[in-house]
Amino acid sequence: MNGFALALDRPETADREEFRRAALAGLSRSPRAIPAKFLYDARGSALFDEICELPEYYLTRTETKILARRAKEIAALGGAGCALVEFGAGSSVKSRLLLDAMDLSLYAPIDISRSHLDGTAARLRRDYPRLRIEPVCADYMALDSLPLIGDAPRRLGFFPGSSIGNLEPAEATAFLRRARRLLGADGALVLGVDLKKDPARLHAAYNDAAGVTAAFTLNLLRRMNRELEATFDLAGFAHDASYNQVEGRIEIYFRSLRAQTVDVAGRRFAFAAGERIHTEYSYKYDLAGLEIMAREGGLRMSRTWTDPDRLFAVVYLAAA
Ligand code: AVI
């Protein structure tokens, strides 16, 4: 699970209605687009977990190695007794590296999915019986305070996985501002970011040979067929991911392979041959760009850790 965690605790009808509205609005607009968060139904989340294991998708294992190597340093920067706040915690796999290294007063995973959060909290309580765990069920993009966290001497935020790359630059800055506010003047944020690199390497990471990323994108069509009584022919569309060097982002679409019409929730849509419907951006940063973004978010980059090939960065952002 990631930053776009599903609202699994909400009634299914509410989720479906939100999906219906977003899909109809997105298919009616020009250019067409469907928000990335709808990629993550149960099958989409399982496919994303598979993506993280792919040989071409270097992000997860590179970040994990950086965190494993730097956990003690991060612990020293955070200081004894600090509270660790994870944005979009999901299953908290990477945070265990920090939980093992740090002397924490509290761990607060924030996730929009109640069921994910409860499962994660139960497993962590079993494995870390002496650690206070205060799950916060909320959308971290719209959270104004952290009421349960109390009076730890310092709050350390954690936003791994390059989930910030799925936000457009203005949203990413807004996220950093919000995080700064939630973490307080003494707070800091540990952020994982995918770096700009050889476009061929980026292209491969989003066009894997086994076709898992393609299945992940096209799962959105399956989901519309299942939940919105849509009539997408999966063989009539293809996954389309490429690196836009000017914008510094991977752009992902599903592309119509022929002229065709499709019904979605009682409405009919015509797709031209070659037409693309946008699903995701995945922005890549360089350290200079990150520094600017941090500053705009009211933070300053006080430490940077990368891997030997400079594929991925983990940065420590303190309040400016
Ligand atoms: C969740 N997020 C950081 C992934 C990424 O790399 O942007 C989502 C993804 N989409 C296709 N592959 C991975």
Side-chain angles (χ1 to χ4, degrees), residues 1-6 33-64 66-67 86-95 111-113 116 139-141 158-169 171-172 175 190-199 201-223 237-244 247-255 276-285 290 293 307 311-315:
M1 211 62 185
N2 70 31
F4 293 120
L6 272 180
I34 297 184
K37 67 176 181 177
F38 296 108
L39 290 162
Y40 296 91
D41 62 353
R43 183 166 183 269
S45 299
L47 285 166
F48 180 67
D49 287 346
E50 261 185 66
I51 288 174
C52 292
E53 304 286 325
L54 289 169
E56 297 94 333
Y57 196 77
Y58 57 84
L59 287 80
T60 312
R61 61 178 170 276
T62 309
E63 181 182 43
T64 303
I66 298 172
L67 285 170
E86 182 165 4
F87 295 95
S91 49
S92 296
V93 174
K94 289 171 198 159
S95 36
D111 203 294
I112 200 168
S113 160
H116 254 81
D139 175 358
Y140 60 76
M141 293 297 284
F158 186 42
F159 194 37
S162 201
S163 291
I164 197 156
N166 296 125
L167 304 177
E168 298 223 37
E171 292 174 309
F175 167 78
V190 175
L191 178 71
V193 188
D194 195 19
L195 294 176
K196 287 185 176 166
K197 58 184 62 64
D198 175 11
R201 180 121 200 208
L202 287 168
H203 190 269
Y206 293 86
N207 290 280
D208 61 285
V212 182
T213 312
F216 175 69
T217 300
L218 296 178
N219 180 54
L220 194 54
L221 311 189
R222 271 181 196 259
R223 185 175 180 193
F237 291 86
H239 163 76
D240 182 327
S242 59
Y243 185 57
N244 178 333
E247 300 290 346
R249 67 189 183 204
I250 288 281
E251 299 180 350
I252 307 183
Y253 304 84
F254 58 89
R255 178 166 35 84
R276 299 190 307 177
I277 297 88
H278 178 252
T279 57
E280 283 179 282
Y281 288 135
S282 190
Y283 279 85
K284 309 303 168 188
Y285 287 92
L290 261 180
M293 180 169 75
D307 53 292
L311 299 176
F312 199 95
V314 175
V315 293

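First listed ligand is number 1; within each ligand, the first listed atom is number 1. Note that the structure is predicted; figures quoted are calculated from it, not measured.
- Near Gly161, the atoms of ligand 1 lying under 4.0 angstrom from a non-hydrogen atom of the residue are 3 (C).
- Annotation: cation-pi geometry satisfied between Arg201 and Tyr58 (NZ/CZ under 6.0 angstrom from ring centroid, within 45° of ring axis).
- With sequence neighbours excluded, the residues that form a side chain to side chain contact (heavy atoms under 4.5 Å, CB included) with Ala215 are Leu47.
- Any N or O atom pair closer than 3.5 Å counts here, and Asn166 shares at least one such pair with ligand 1.
- Atoms of ligand 1 found under 4.0 Å from any heavy atom of Phe48 (numbered from 1 in listed order, with element): 1 (C), 4 (C), 8 (C), 9 (C), 13 (C).
- Close N/O approach between Glu280 and ligand 1 is found [any backbone or side-chain N/O within under 3.5 Å].
- Ring orientation note: the planes of Tyr206 and Tyr57 are nearly perpendicular, at an angle over 60° on the 30°/60° scale.
- At a 4.0 Å cut-off, not a single heavy atom of Tyr283 sits close enough to ligand 1 to count as contact.
- For the pairing with Thr62, the side-chain contact (heavy atoms from CB on, under 4.5 Å) check across Leu67, Val314, Leu311 returns one residue only, Leu311.
- Remark: Thr217 engages His239 in a side-chain hydrogen bond (donor to acceptor under 3.5 Å, both in side chains) (not counting sequence neighbours).
- Where the criterion is an N or O separation shorter than 3.5 Å, residue side chain and backbone included, Tyr281 fails it with respect to ligand 1.
- Atoms of ligand 1 found under 4.0 Å from any heavy atom of Ser282 (numbered from 1 in listed order, with element): 5 (C), 6 (O), 7 (O).
- Taken to the nearest 0.5 Å, the CD atom of Glu50 stands 10.0 Å off from the OG1 atom of Thr213.
- Distances below 4.0 Å separate heavy atoms of Tyr206 from the following atoms of ligand 1: 5 (C), 6 (O), 7 (O), 11 (C), 12 (N), 13 (C).
- Residue Tyr40 places no N or O, backbone or side chain, under 3.5 Å from any N or O of ligand 1.
- Residue contacts with ligand 1: Ser162 is placed with no nitrogen or oxygen under 3.5 Å of a nitrogen or oxygen of the ligand (distance criterion only).
- Each of the atoms 4 (C), 5 (C), 6 (O), 13 (C) of ligand 1 lies under 4.0 Å from some heavy atom of Tyr57.
- For the ligand labelled ligand 1, residue Gly165 lies outside the 4.0 Å heavy-atom shell.
- Using a 30° and 60° split on the angle between ring planes, Tyr281 and His278 fall in the tilted class, from 30° to 60°.
- Crowding of Arg222 atom CZ: a count of heavy atoms from other residues, nucleotides or ligands under 6.0 Å not exceeding 12.
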